[in-house]
Protein chains: 2
Amino acid sequence: MVTIYDIAQKANVSAMTVSKVINNTGRISEQTRKRVKKVMEELNYVPNSNARSLVLQQTQILSLLITDITNPFYTSLARGAEDSAKKLGYRLLFGNSDEDYDKEQDYVDMILSTRVDGVLFAPAGDHSLKHLEKLRAHNIPFVILDRAVPGIESDIVLGDSKQGARNLVEYLIGLGHRRIALVNGSLDVSTARLRYEGYAEALQLHGISLDDELVVHKSYREYKGEDQLERLLKHPAPPTAIFAANNFLAVGVINALRKRGIRVPEDMSVVCFDDLDLSSALDPFLTVAAQPAYQFGAMGIQLLVERIQGSAVPEPRKLILPSELVIRSSAKIFATE
Amino acid sequence: MVTIYDIAQKANVSAMTVSKVINNTGRISEQTRKRVKKVMEELNYVPNSNARSLVLQQTQILSLLITDITNPFYTSLARGAEDSAKKLGYRLLFGNSDEDYDKEQDYVDMILSTRVDGVLFAPAGDHSLKHLEKLRAHNIPFVILDRAVPGIESDIVLGDSKQGARNLVEYLIGLGHRRIALVNGSLDVSTARLRYEGYAEALQLHGISLDDELVVHKSYREYKGEDQLERLLKHPAPPTAIFAANNFLAVGVINALRKRGIRVPEDMSVVCFDDLDLSSALDPFLTVAAQPAYQFGAMGIQLLVERIQGSAVPEPRKLILPSELVIRSSAKIFATE
DNA sequence: CAACATAGGGTTATCGATAACCCTAAACTT
DNA sequence: AAGTTTAGGGTTATCGATAACCCTATGTTG
């Protein structure tokens with residue numbers, strides 16, 4: 001590999017001079033500068049950022065840790081983060097924890113050993129606390145995305161899960177539904193708790209008593225949850241509508257319903273959190289609370305960089321992005337015959 | 001940040017001894033080893049991989065460059081690559097070129113300056129040649145994914161675009177279609193050329209003359225290509241079926257058709273390359289040639305690591321993964337009234 | 001018991017780049 | 001004309017880790 005020393009030798013200057021040319025620091029005559037640059041091009045020089053990071057004690061790399069690269073919510077978020085990072089002069093190191101604490105752990109170690117300047121962290125759940133504390137212990141600035149983690153205070157970008165859930169459920173209630181089921185994510189994820197609260201609140205507000213038999217908690221990644229769905233459907237007074245706490249759960253639910261010959265929305269209304277992008281483009285079917293995923297990433301990077309550069313207020317900042325109720329056709333009016 | 005020197009001091013040994021403990025090299029008594037390890041834990045030591053890479057001249061990082069992170073084909077591919085890399089003890093640095101040569105260029109420079117051990121490269125198109133040559137000039141091993149680039153010989157993992165296209169078009173022909181349009185990607189992408197060839201071959205095989213008026217070339221990312229679609233539809237003898245060269249194009253085409261009140265498949269049959277994952281899970285509608293995206297990534301990493309470790313034959317290896325014709329309901333029998 | 005091997009660990013140079021400081025000749029001051 | 005700036009660049013130490021080699025006290029052997 002070509003180093004500044006090779007350049008220096010061929011250009012008949014010292015390595016330091018080359019470094020100064022590269023970084024535009026110090027005093028270098030126009031003539032020397034040109035000569036050095038020419039040699040750099042001839043030899044196809046590319047600086048070694050490892051060496052650079054070592055002495056500078058900074059990498060110009062940010063890390064983005066997401067929990068599911070196959071979920072359009074996170075890929076849009078990633079796009080937002082990428083664009084924003086590039087604009088601010090940072091490179092982005094992606095990681096995908098797969099909603100798995102162990103993988104998350106591995107990525108945290110990798111992040112630490114890479115000495116990234118900051119981390120955009122979408123936690124798998126409450127047990128991510130340990131990992132965030134580790135980052136903090138090492139003084140790595142981070143911004144949390146999408147899910148709050150009890151026990152840690154930091155800059156954070158969240159969606160309004162409670163409000164979004166309320167909107168969806170109130171919409172269903174407005175359609176005449178009274179028996180509304182919730183297929184939720186795991187309760188050790190903050191958004192699942194809030195979506196549950198929003199659900200409960202909407203019911204209460206409309207004088208509908210909460211029936212815990214109609215609530216199912218599983219993982220946000222569960223495509224199929226036939227078992228528990230079975231329980232819902234076998235209920236003496238089965239639901240007429242289902243609120244799925246995210247896009248994947250909705251797809252799982254709908255497929256499971258169809259497999260049983262239950263049509264959506266004719267026999268069962270279904271709504272959910274998060275949009276499906278391509279699916280919705282192709283077939284605007286699901287009624288959803290759509291979150292501004294791209295903004296999550298873009299704003300997250302912005303907060304992070306402000307934090308790194310010290311231009312942020314010392315207090316943790318909390319950004320709550322509203323979701324938008326997009327009414328399509330997966331829910332319909334419920335009328336008692 | 002804690003370094004091996006801090007550990008060394010507190011454990012009353014030399015830095016070298018710490019290094020030996022970390023890497024399990026040299027001779028260290030069990031007692032010392034334990035003492036050092038204990039101190040490492042106490043101080044929460046994490047090795048600095050920049051320093052490590054600098055002296056070792058290798059990073060244990062592989063880079064994955066994809067062209068569109070929002071396309072499920074590439075996210076599945078990424079998952080495959082990630083799993084495979086992790087298994088082989090490498091970290092993965094993602095990059096997303098957005099089908100943009102300039103962004104690709106930036107990522108190549110970043111890759112070079114990071115001194116990654118190897119690159120999994122999904123090129124934006126033929127003009128990626130320059131970037132691949134740059135990698136080669138710097139002796140960075142790489143494996144090309146999905147799209148061949150004329151002028152460069154290397155390990156490569158491809159789908160069978162020609163065969164897949166033939167299968168799709170022959171399927172349409174089997175349904176009775178004779179006027180079949182092709183909405184293709186840009187011709188400076190190898191897969192687009194091959195899909196065109198497959199299309200042409202299928203027509204010829206069945207004695208249907210190729211009408212260039214029915215072929216449109218644009219970008220794989222174009223969601224809406226109303227203009228050229230207009231041309232197709234205004235044709236004196238308009239097509240009865242459309243073969244879209246990838247998933248995004250298909251979605252664009254279908255939306256444009258619907259906007260004009262043309263129903264799929266009743267008024268127009270549509271098939272395409274690549275599946276839509278969630279969309280297909282929710283609504284198994286599009287008839288597609290599905291590619292084993294996960295395998296692209298997994299196999300790519302495997303070839304790459306073999307190349308890096310020198311366990312591969314010197315000759316470039318070419319892996320062609322077949323696609324699978326998945327018949328659903330976006331195409332129907334065409335009968336002349 | 002002298003000669004030698006070995007366990008256990010330390011020294012020093014090095015990877016590539018940069019910060020901090022130093023040096024010299026020409027230009028400028030008064 | 002002597003002192004002072006300044007342009008233009010060079011020297012040296014350093015970041016954190018490791019390779020290659022060296023050192024010393026035991027243990028082993030004939």
Side-chain angles (χ1 to χ4, degrees), chain A residues 1-37 39-40 43-61 109-117 138-140, chain B residues 1-37 39-40 43-61 109-117 138-140:
Chain A
M1 274 289 184
V2 179
T3 72
I4 53 170
Y5 297 94
D6 301 322
I7 310 285
Q9 194 172 8
K10 194 159 179 193
N12 239 308
V13 294
S14 75
M16 199 57 228
T17 301
V18 178
S19 172
K20 283 173 183 162
V21 169
I22 293 172
N23 297 295
N24 247 307
T25 54
R27 299 189 234 267
I28 304 292
S29 71
E30 203 43 47
Q31 192 189 0
T32 308
R33 179 183 306 281
K34 271 191 183 151
R35 187 153 37 94
V36 169
K37 285 205 165 172
V39 175
M40 281 173 41
L43 297 189
N44 240 302
Y45 171 74
V46 180
N48 183 324
S49 57
N50 292 116
R52 202 151 194 279
S53 302
L54 193 55
V55 46
L56 289 184
Q57 299 285 60
Q58 57 161 33
T59 54
Q60 291 297 109
I61 296 182
D109 287 339
M110 158 168 165
I111 282 166
L112 288 173
S113 83
T114 306
R115 301 294 195 263
V116 300
D117 293 345
H138 286 270
N139 272 311
I140 312 277
Chain B
M1 274 290 184
V2 179
T3 72
I4 52 171
Y5 296 94
D6 302 322
I7 311 285
Q9 195 173 6
K10 193 160 179 191
N12 240 308
V13 293
S14 74
M16 199 57 229
T17 301
V18 178
S19 172
K20 283 173 182 161
V21 169
I22 293 172
N23 298 294
N24 248 308
T25 55
R27 300 189 235 267
I28 305 292
S29 71
E30 203 44 47
Q31 192 188 1
T32 309
R33 178 183 307 280
K34 271 191 183 151
R35 185 153 38 93
V36 170
K37 286 205 166 174
V39 175
M40 281 175 38
L43 297 189
N44 240 301
Y45 171 74
V46 179
N48 183 324
S49 56
N50 292 116
R52 204 152 192 278
S53 301
L54 193 56
V55 45
L56 289 183
Q57 301 284 60
Q58 56 160 30
T59 53
Q60 290 297 108
I61 297 181
D109 286 340
M110 158 169 166
I111 283 166
L112 287 173
S113 82
T114 307
R115 301 295 195 264
V116 301
D117 293 346
H138 286 269
N139 271 311
I140 312 278

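Letters go in sequence order (proteins before strands), and every chain restarts at 1. Just so it is clear, the values below take in all heavy atoms, side chains as well, and ignore hydrogens, waters and symmetry mates.
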A/Thr32 side chain to A/Ile28 main-chain N or O, any donor-acceptor pair under 3.5 Å? no
What about A/Lys20, does its side chain sit under 3.5 Å from the base of D/dG10 through a donor-acceptor pair? yes
Whole angstrom is fine here: how far is it from CD in B/Gln31 over to C1' in C/dG9? 13 Å
Is there a side-chain polar atom (N or O) of B/Ser14 under 4.0 Å from OP1 or OP2 of C/dG10? yes
On DNA chain C, nearest-nucleotide positions of B/Leu56 versus B/Arg27: which is more 5'? B/Arg27
Test item: A/His138 side-chain N/O and B/Val46 main-chain N/O as donor-acceptor pair under 3.5 Å: no
Keeping the roles fixed (side chain from B/Asp117, backbone from B/Thr59), state whether a donor-acceptor pair exists under 3.5 Å. yes
Residue-phosphate contact under 4.0 Å: B/Thr32 side-chain N/O, C/dG9 OP1/OP2: yes
Taking any heavy-atom pair under 4.0 Å as a contact, classify A/Val18: base, sugar-phosphate, or nothing. nothing
Would you say the side-chain atoms of A/Asn23 and A/Arg52 include a donor-acceptor pair closer than 3.5 Å? yes
Below 4.0 angstrom from OP1 or OP2 of D/dG10, is there any side-chain N or O of A/Thr17? yes
A/Arg52 side-chain proximity, nearest of D/dG16, C/dT18, C/dG9: C/dT18
Check this one for me: any side-chain N or O of B/Asn23 less than 4.0 Å away from OP1 or OP2 of D/dA17? no
Does the side chain of A/Gln57 get closer than 4.0 angstrom to OP1 or OP2 of C/dT18 through an N or O atom? no
Could you work out which one of C/dA17, C/dA20, D/dG9 sits closest to the side chain of A/Met16? C/dA20
DNA chain C: 5'-proximal contact among B/Ala51 and B/Glu30 (nearest heavy atom): B/Glu30
Hey, is the side chain of B/Tyr5 poking within less than 4.0 Å of OP1 or OP2 on D/dT14, counting only N and O atoms? no
Please classify the nucleic acid contact of B/Ile4 as base, sugar-phosphate, or nothing, using heavy-atom distances under 4.0 Å. base
Evaluate B/Thr3 against B/Asn48 for side-chain contact (heavy atoms from CB on, under 4.5 Å), listing each step before the verdict. CA-CA 8 Å; B/Thr3 72; B/Asn48 183 324; over 6 Å; no
Specify the residue among B/Ala15 and A/Ala15 whose closest nucleotide of DNA chain D lies further upstream toward the 5′ end. A/Ala15
Give a yes/no on whether any side-chain N or O of B/Ser29 is located under 4.0 angstrom from OP1 or OP2 of C/dG8. no
Give a yes/no answer on whether the side chain of A/Asn48 brings an N or O atom under 4.0 Å of OP1 or OP2 in C/dC15. no
Determine: side-chain N/O of B/Ser19 to OP1/OP2 of D/dT18, distance under 4.0 Å, yes or no. yes
To the nearest Å, how far apart are A/Ile7 CD1 and D/dG10 C1'? 18 Å
